Number of protein chains: 2
Amino acid sequence: MEPPAPSTDMPQDPPAPRRRPGGRTARVRALVHGAVREQLVAEGYDGLTVDAVAARSGVHRTTVYRRWRDVGGLLADVLDSAADDGWAPPDTGSLEGDLTALNEEVAAGLTEDPPIAMALIAASFRSPEAAEALRRFWDDRYRRCAPVVERAAARGELPGAATDDRALLVAATAPVYHRLALLRAPADPALPATAARTAALAAGAGAFAVPG
Amino acid sequence: MEPPAPSTDMPQDPPAPRRRPGGRTARVRALVHGAVREQLVAEGYDGLTVDAVAARSGVHRTTVYRRWRDVGGLLADVLDSAADDGWAPPDTGSLEGDLTALNEEVAAGLTEDPPIAMALIAASFRSPEAAEALRRFWDDRYRRCAPVVERAAARGELPGAATDDRALLVAATAPVYHRLALLRAPADPALPATAARTAALAAGAGAFAVPG
DNA sequence: ATCCTAATGCAACTGTTGTCGCATTTATGG
DNA sequence: CCATAAATGCGACAACAGTTGCATTAGGAT
């Protein structure tokens, strides 16, 4: 009952057309990326429509719809292309200091103008692609922050054998996200430090220790 | 330079037409509210459009657009009308227990089906009215939670003269919101308890004490 | 050079969103 | 009961989002 073995290629499925990411395709992508950023700066998130991006980039509407599907896809692609910067967490010499500096970066990102981060969060509620890209972004960021916890452990700031670094980082940053992204309350200059102090204090008391 | 005092009414602006919230208006409002809920149950948030709600309620499209403006306005009105339930925070006998129970309610609300809470959060990024309604809702909830902190203080669980109850409550609940509403990660059954324990621990160490 | 076809351009089309002017209904005050 | 106008119903419309079929351009392999 075996189908005859094909001579050179998979027979049943369309044989995966050879991609062609050369000159023009890359140029179009760069044009669209630039247009997304410019459009965000010029008109804000409400003005970020596929049509506006296409018009600004000079690329045809249909092409943008075909390659990026919707605004969420556009933002996801821009975010992915910007994710491989050499970002590293701050290193101030103490856990609380590191977390405070980290929280200040988070607060700055959430309140910057144009509101790229807020635009992406908003888009993540409408586009699965944007939600996935945002999840990847945060996962990458939290992974890069692991050294903050490792350094604290090496300094003896953390009790127990091991610490759940992700839980600690989420506990430290979550209040900032909650206030700015969900409650939409005005930025509190003291919040980054107090949230960091709270998390560092709890971590010092073993709140994030793992049994292993 | 004082303008002459009007005899009976404000002269310059259109004299605030007498509202007429009587029979039909109230009936229409009830019909639309019911339709919003039914539509959410039937089609989820993606299917919650003004047209769908209008069709389901039997009220004309134009009327819904005029009175509620958009989906955010619909959800905001439904939320406001449901906000005066007699909700009270849990009372388990300890700060950590209260916060754990509270966090479990938050987690249940964010993961319930139909996803009313998530729909409102999503809408709050597109509609100022929904954002304002959500802010009012959370403000009300946090205000009602003040007794949780007061009881803990009365039991001697909190050091210092006074505690910033809002900051404590935000610190306790923020990780749950962050994971479920922003990171969109699967629900972690242990998170409500660990976040509550973390916050209670930090509170016991004086992290939320206010100088006054 | 030349062939193949992926990628793009183009125009027309459908369906949805939101608005506007006007007719009709019906609270509400007298 | 009557008069007024707020609230709603109704249809047409403009603007936008997104799709489809086909023509054209240009990357990449031979």
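Worth saying up front: this structure is predicted, and the values here are computed from it rather than measured. In what follows, chains are A, B, ... by sequence order, proteins preceding strands, each numbered from 1.
Side-chain atoms of B:T63 lie closest to D:dG9 of the nucleotides D:dG9, C:dC10, D:dA7. Comparing C:dT25, D:dT20, C:dT19 by their closest approach to the side chain of B:Y65 singles out C:dT19. Distances from the side chain of B:R61 to the nucleotides D:dA12, D:dT8, C:dA7 place D:dA12 closest.
OP1 or OP2 of C:dT8 lies within a sub-4.0 Å distance of a side-chain N or O belonging to A:R67.
Between A:I116 and A:V78 there is no side-chain heavy-atom pair separated by less than 4.5 Å. Looking only at side-chain heavy atoms (C-beta outward), A:L95 and A:L158 come within less than 4.5 Å of each other.
In this structure, B:R66 atom CZ and C:dG21 atom P are separated by 11 Å, rounded to whole Å. Following rounding to the nearest Å, B:R24 (CZ) and C:dT24 (P) show an atom-to-atom distance of 14 Å. In this entry the distance linking CG of B:D70 with C1' of C:dT19 reads 14 Å, nearest Å. If you measure from atom NE2 of A:H60 to atom P of C:dG9, you get 7 Å, rounded to the nearest angstrom. In this structure, the CG atom of A:D51 is 15 Å from the P atom of C:dA11, given to the nearest Å. The CG atom of A:L74 sits 14 Å away from the C1' atom of D:dG18 (whole-angstrom rounding). To the nearest angstrom, C1' of C:dT16 lies 15 Å from CG of B:D46.
Among the atoms of the strands shown, only primed sugar atoms or phosphate atoms (P, OP1, OP2) are found under 4.0 Å from some heavy atom of B:T49. Backbone-only contact: B:R27 has heavy atoms under 4.0 Å from sugar-phosphate atoms and none from a base. A:V28 comes within contact range of the sugar-phosphate backbone alone, with a heavy-atom separation under 4.0 Å but no base atom that close.
Using a 30° and 60° split on the angle between ring planes, A:Y177 and A:W138 fall in the perpendicular class, above 60°.
B:T92 pairs with exactly one of B:L102, B:L99, B:D98 by the side chain to side chain contact (heavy atoms under 4.5 Å, CB included) rule, that one being B:D98.
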